[in-house]
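In the text below, chain A, chain B and the rest are named by the order of the sequence lines, each starting its count at 1.
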There are 2 protein chains.
Amino acid sequence: MREFRPVATRRAFEEIASQIRGRLARQALRAGDRLPPERELAGQFHVSRNTLREALRSLEIAGLLELRKGATGGAFIKEGGGDAAVAGLADLYHLGTIKPEHLTEARIVIGTEVARLACARRTKEDLAALEANVTAAEDATRRGDVVQRAHVNYEFHRLLARAARNPVLTVITDALMEMTRHFVESVGYMPNRYVMPSRRRLLQHLRAKDGEGAALEMESMLKRLQRFHLARAGDAGKPRIRS
Amino acid sequence: MREFRPVATRRAFEEIASQIRGRLARQALRAGDRLPPERELAGQFHVSRNTLREALRSLEIAGLLELRKGATGGAFIKEGGGDAAVAGLADLYHLGTIKPEHLTEARIVIGTEVARLACARRTKEDLAALEANVTAAEDATRRGDVVQRAHVNYEFHRLLARAARNPVLTVITDALMEMTRHFVESVGYMPNRYVMPSRRRLLQHLRAKDGEGAALEMESMLKRLQRFHLARAGDAGKPRIRS
DNA sequence: CGACTATAATTGGTTGAACCATTGATTTCA
DNA sequence: TGAAATCAATGGTTCAACCAATTATAGTCG
């Protein structure tokens, strides 16, 4: 496999970020903890404040830290929420590495399994939240508020993923919804008549904990949506190219 | 849903990064292009070089730029390779948000579908690369080189994901393998006798383009691996806690 | 002429000191 | 007591250097 590793001409800020990452990985630093002020940390690492800031900046972008200003401010360890991973995947869509057809296909693959797992693990609370969401989507549809409806629909998938109780699938679903949102905004909101009935059937399967039924329902809905989306993508789709 | 967006008290470097991101998204900047030197860019944005550097740093961490030193150096637009997304997901594992049981479950879900798709789309070249990989794994096994064997095995899943021709699944697989690598390193390398025979059967399905057979083979192998892994995780597993 | 070598130019990496802007705590005073 | 003024802590930004790596270029010697 790899015969040689590139000789690590490590930059100072990388070394610092790596040390802080290490303390996070070994749980010496936990969510909510605050790092010392920049000026003090710079002293501890024997680097200038600018260099230290680049290290903190890299950790902030990676989603590990949150920097707050003010008297009680500082660098706080963030709860691992996967924002960075979501942004990283979304960037791949913006760059064109991920194309609409990849997105729709991934949604089918992931969504189907999420539905299956959610059936097995959903709590009463999950079910209530999902039912409230579907009701809200139906309201928005009746009002003809396509934007609101689209956002409620993204939220449905996120809720379902959380009900599946697997953070890997949660983060992936969040990323897929983020990409879908960009896609839909670039081709325009598209009303259709089959999503809401499908939602109702899906809720039935969830109530009955019928994983296979839920998976099939989700798969068929997403495949229909795929055809719908890709037809649009042909015209206006893909990361929009402005002049 | 969201009633108010947090008022964006945007920092200068964020505004700069956002502008560059925008030019990337609209393809005004493409992979391989070089941005002007820092000193010049700082002038264009009317900010200090330090602030500009924080912006470039954030884009570098996000995997969008690569900074090279020297006379022909500068900030180059990177090919969208998903490194940042992989690192973001791996961080979630280090932070403990993703636990070994989530990881093994996600591998089953994703790996099964990857195997199915790879069957449908693999080229002769994919097949050849996979066969060479399995041969290399058998060699390493014979030599008792567990470390090498583990790395060749991760590579197998990556090759299979590339054969599936969907960059979403590629990136997710890369991330899952990265997490698996950390997991295995924390609990120790574990030889077993069922992976290599499974690989051979999987290759047969790939040759025959038997998607269903490949999916079943992969699923059964990964489930067996899951039991094996989680048994270990009970003792030493999870992101290792050192004193 | 050609290959090697010293030099210069370009570019990112780092430093240190200073000042600005925001935030929360403290003090002041009606 | 409570509202307003003040202070202190902290991240954000600026500026002006200098360091270090890398490549292009000019020079030198065989």
5'-most contact on DNA chain C (nearest-nucleotide basis), A:Ala12 vs A:Gly70, goes to A:Ala12

So, for A:Ala55 and A:Ala17, which heavy atoms are closest and what is the spacing to 0.1 Å?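 Looks like CB-N, 4.1 Å.
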
Using a 3.5 Å distance criterion without hydrogens, assess whether the side chain of [X] forms a donor-acceptor pair with backbone atoms of [Y].
| X | Y | answer |
| --- | --- | --- |
| B:Asp126 | B:Thr123 | yes |
| A:Arg121 | A:Ala164 | yes |
| A:His102 | A:Lys99 | yes |
| B:Glu14 | B:Arg11 | yes |

Self-check item: Residue that, paired with A:Val114, satisfies side chain to side chain contact (heavy atoms under 4.5 Å, CB included) out of A:Ile172, A:Asn166, A:Leu169, A:Thr170
Solution: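 Of A:Ile172, A:Asn166, A:Leu169, A:Thr170, side chain to side chain contact (heavy atoms under 4.5 Å, CB included) with A:Val114 is met by A:Leu169 alone.
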
Within this structure, what is the [atom1]-to-[atom2] distance between [X] and [N], rounded to whole angstrom?
| X | N | atom1 | atom2 | value |
| --- | --- | --- | --- | --- |
| A:Leu41 | D:dG11 | CG | P | 9 Å |
| B:Glu38 | D:dT13 | CD | C1' | 16 Å |
| B:Lys69 | D:dA21 | NZ | C1' | 5 Å |
| A:Phe13 | C:dT15 | CZ | C1' | 16 Å |
| A:Phe76 | D:dT10 | CZ | P | 10 Å |
| A:Leu67 | D:dT10 | CG | P | 14 Å |
| A:Leu56 | D:dG11 | CG | C1' | 10 Å |
| A:Leu65 | D:dG11 | CG | C1' | 13 Å |

- Task: Report yes if at least one side-chain N or O of A:Arg34 is closer than 4.0 Å to OP1 or OP2 of D:dT10; otherwise report no.
- Result: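 Looking at the OP1 and OP2 atoms of D:dT10, one of them is under 4.0 Å from a side-chain N or O of A:Arg34.
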
Exercise for the section: Report yes if at least one side-chain N or O of A:Arg57 is closer than 4.0 Å to OP1 or OP2 of D:dG12; otherwise report no. Expected result: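 Indeed, a polar side-chain atom of A:Arg57 lies that close.
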
task = Using only heavy-atom distances, determine whether the side chains of A:Arg53 and A:Ser48 contain a donor-acceptor pair under 3.5 Å.
result =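 Short answer, no.
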
When all nucleic acid strands are considered with a 4.0 Å heavy-atom cut-off, which category describes A:Arg39: base, sugar-phosphate, or nothing?
base

Original post:
Which of residues 44-54 of chain B have a heavy atom under 4.0 Å from DNA chain C?
Top reply: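 Per residue number, the list reads B:Arg49, B:Asn50, B:Arg53.
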
